[in-house]
Enquirer: 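What follows is a single structure, and I will ask about it in a moment.
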Amino acid sequence: MEPHKAESMDLLRIEKLKKYFPVRRGFFQRTVGWVRAVEDVSLYLARGKTLGLVGESGCGKTTVARMILNLLPADGGRILYKGNDICGLSDKDMKPFRKEIQIVFQDPYGSLNPRMTVGQTLSEGLRITGIRGRTDRREPIERLLGLVGMAPTAIDRYPHEFSGGQRQRIGIARALSVEPALVVCDEPVSALDVSIQAQIINLLKDLQDRLGLSYVFISHDLNVVGYLCHQVAVMYRGQIMEYAPAEKVFENPLHPYTRVLLAALPDLESGKAPPATGLESERPEFALTPPEGCRFRMRCPEKHDRCRLLNPELTPVDDDHWVRCWQAPPHSTRI
Amino acid sequence: MSPETTSRAFGLEEPAAPKRTRFEEFWRLFRRNRMALAGLVIFAFFFGSAVVGWVLTSGNRPLFDPALVRLQEKLRPPLATPQATSLKPEERPVGGRYLFGTDDLGRDVFARMLQGAWVSLTVGFVAVGISVAIGIFMGGLAGFYGDRRIRLEQLLVTAVLLAGASLLTAGWRASGAWMLVLGHAWLFWSISPWGIRCRKSLPAGLRFLRKNTLMVDTLIMRFVDIMLCFPSFFLILTVVALLPASIYNIMIVIGLTSWEGTARFVRAEFLSLREQDFVSAAKALGVGNLRVIFRHMVPNAIAPVLVSATLGVASAILTEAGLSFLGFGVPPPHATWGNILSDGKRFIFDAPWLTFIPGAAILIVVLSFNLFGEGLRDILNPRLRERQ
């Protein structure tokens, strides 16, 4: 079952995406097992909206992002962009989609070429769009810098002369240089300190309003996601646990994992630290081959016998609210 | 505050650090490293004298003639004035003195040193140029395309071509030529559209030809390991003994046997750069592979290569001097530091300057390159900077 209906508005539609990484050991590098990094991930994103992808470290968020950009080949499933399957396209066939889908990286230090000036970095994208000649590029580069709130004097400077927040703006400008419709933001603010985070988030929101961008916004910070996203998907160990509009996830979380995540948020008004969740830390041996049954059951506060035997499907509890849990209430219209 | 005004207000601030170009920054650090600076100065002096020496010792009537024999003036010490009155005016040394003395044939050692400087310089730079070019190519191939696998048919075609070439050089002309023709025909067939179509629907019996074998990385890096097993000086000696003696052969042979270190450096740098976000970003923008390699990866991988190249120049000069000393180097009428040294060793007690002067020159130049190279390494590797 798909967690969404066919809709003419959708820009990106991911169906049953799968990625397994081989674990190799020994002299001959034999494959001894598989890390099931992403399994059965289905999502969709409407034009001009933001899809939040939330989850702890190592749950497969970044793997999904890299597969959307075809930087990493998928092992199964489909990624439909404007109705075209872009999974496993060759470099040549992917070319027209490169301009449409862009990425903003987490680490503002590693994401800019240290040997290129800001102008040269932004020219790379302009060259792709067919603007030749140095003088022709100057004006669009200055416009791009203005768009992300940087002074045009930045053009001849090198990345090491800028702070983390400024570099992230340059990274955003580079993504925008080919005029994309979809920008995948892979934890764009996690490496920045809190005051700068707010600026970048506001910049992203502002750009969405002005340019009609769609975002896949990856984060582990629920506050940020709640502020920015229209839809939220909560991931755990490579699977989607809950998928719903942002307000439903925050006001009516149905999956125990989502509830635990929300309970762990510090409450700013009362000033109290969140209560201990009682969530056990992960057992590393299960990272390789998750046990049968629900992937969250080892840490789930509400686990049942059934959870050990069978992995629940992502099922609708409402028209736009999907949960992967045996405890979830059934779809109201089906009763 | 609206989002726009916030971003404007915070974003327009200027970075506080003074603006320095990459070169100014480099020069500032370099000047503080005395040893490296001394190395650079000596290198500049050596470079200058080699170029000047080349101009002054070549041509029909050179100012300093390294080949002019004055038997009556043999083994004169440095700074000696010519004694024989029988010298023709054009045979008298420039400035009226033999600056570095004369050798057993009465040739001016200063003129011969000047000529030899040019040989050392060109051998050092051309050999290192060749080795760096091969090293970057092989290392880049292993680092960027290393996880591709070579198909059995590709190995077979290469084997046929190599076997053909070796048969041809070994004297079996007809069979060698046939194998070469066969290999080329196979090669061109497999890259033609017709061949590509045929190979997609190979019969089951021939399908083993498309089987994947080694990885590109394994092939190149194990070849590097094998090359490093040979003591390179003896490898060069063997090859030089088989080839006609000429300065170009020496350069090429030294270049062909010293690229392994560069290849390893470049491969290691490429492996780490390939995973960097800015390379992913370039790929996501749709930048082509070649542009990613040459615009984004090579400039970031070049620093250790530059260092090893500088050190490589020193070892190439030393190797050439060693070969000349053993008599396998540049053929005799032409002077090199190595063969001046070699000629002088018979007179080491009567005329010590004949061995000391070229020996000291080799020592100083090699030392200057090593100091310069190590200074470069300290500056280009920020982790070593704090030690100074």
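Chain identifiers are assigned alphabetically (A, B, ...) following the order of the sequence lines, protein sequences preceding nucleic acid strands; residue numbering begins at 1 within each chain.
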Enquirer: Looking at L112(A), I200(A), L69(A), I103(A), which makes the most heavy-atom pairs under 4.5 Å with chain B?
Expert: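 Winner by heavy-atom pair count: L112(A).
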
Enquirer: Of the backbone (N, CA, C, O) and the side chain (C-beta and beyond), which part of S177(A) lies under 4.5 Å from a heavy atom of chain B, both, or neither?
Expert: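 Just the side chain, heavy atoms under 4.5 Å.
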
Enquirer: If I compare all heavy atoms of F278(B) with all of S111(A), which pair ends up nearest, and what's the gap?
Expert: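 Looks like CB-O, 3.3 Å.
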
Enquirer: G286(B), A281(B), A284(B): which one forms the most heavy-atom pairs within less than 4.5 Å of chain A?
Expert: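 Option with the greatest count: A284(B).
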
Enquirer: Taking CZ in F137(B) as the centre, count heavy atoms belonging to other residues, nucleotides or ligands within less than 6.0 Å. Is the count above 12?
Expert: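 No, the 6.0 Å shell around CZ holds no more than 12 heavy atoms from other groups.
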
Enquirer: Once rounded to the nearest 0.5 Å, what's the spacing between atom NZ of K283(B) and atom CG of N70(A)?
Expert: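 Nearest 0.5 Å value for the NZ-CG distance: 11.5 Å.
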
Enquirer: Which one of R174(A), R127(A), M94(A) has the most heavy-atom pairs closer than 4.5 Å to chain B?
Expert: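 It is R127(A).
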
Enquirer: Enter the distance from Y109(A):OH to Q276(B):CD here, rounded to the nearest 0.5 Å.
Expert: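 Between atom OH of Y109(A) and atom CD of Q276(B) there are 14.5 Å.
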
Enquirer: Would you give the length of the straight line joining atom CG of L285(B) to atom CD1 of I101(A), rounded to the nearest 0.5 angstrom?
Expert: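 One finds 12.5 Å between CG of L285(B) and CD1 of I101(A).
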
Enquirer: Tell me, side chain or backbone of R291(B) under 4.5 Å from chain A's heavy atoms, or both, or neither?
Expert: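 The side chain, not the backbone.
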
Enquirer: With only heavy atoms counted, which part of D107(A) is less than 4.5 Å from chain B, the side chain, the backbone, both or neither?
Expert: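 Its backbone and side chain both get close to chain B.
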
Enquirer: Would you call P299(B) and M116(A) a side-chain contact if the rule is heavy atoms closer than 4.5 Å?
Expert: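 Side-chain contact under 4.5 Å: no.
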
Enquirer: Provide the closest heavy-atom pair for N300(B) versus P114(A) in the form atom of the first, atom of the second, distance.
Expert: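 Heavy-atom minimum between the residues: OD1-CG, 3.3 Å.
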
Enquirer: Which answer fits K99(A), side chain, backbone, both or neither, if we ask what part of it has an atom under 4.5 Å from a heavy atom of chain B?
Expert: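 It is neither, since no heavy atom gets under 4.5 Å.
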
Enquirer: So for atom CZ, which belongs to R34(B), do other residues, nucleotides or ligands contribute more than 12 heavy atoms lying within a distance under 6.0 Å?
Expert: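 Counting other residues, nucleotides and ligands, CZ of R34(B) stays at 12 neighbours or fewer.
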
Enquirer: Just so I know, are the side chains of D91(A) and N289(B) near enough to count as touching, which here means a heavy-atom distance under 4.5 Å?
Expert: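 Answer yes - side chains close enough.
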
Enquirer: Indicate yes or no: at least one non-hydrogen side-chain atom of H296(B) is less than 4.5 angstrom from one of R115(A).
Expert: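 In short, these two side chains do not touch, never coming nearer than 4.5 Å.
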
Enquirer: Rounded to the nearest 0.5 Å, how far does CG of N113(A) lie from CG of L273(B)?
Expert: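 Rounded to the nearest 0.5 Å, the CG-CG separation comes to 8.5 Å.
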
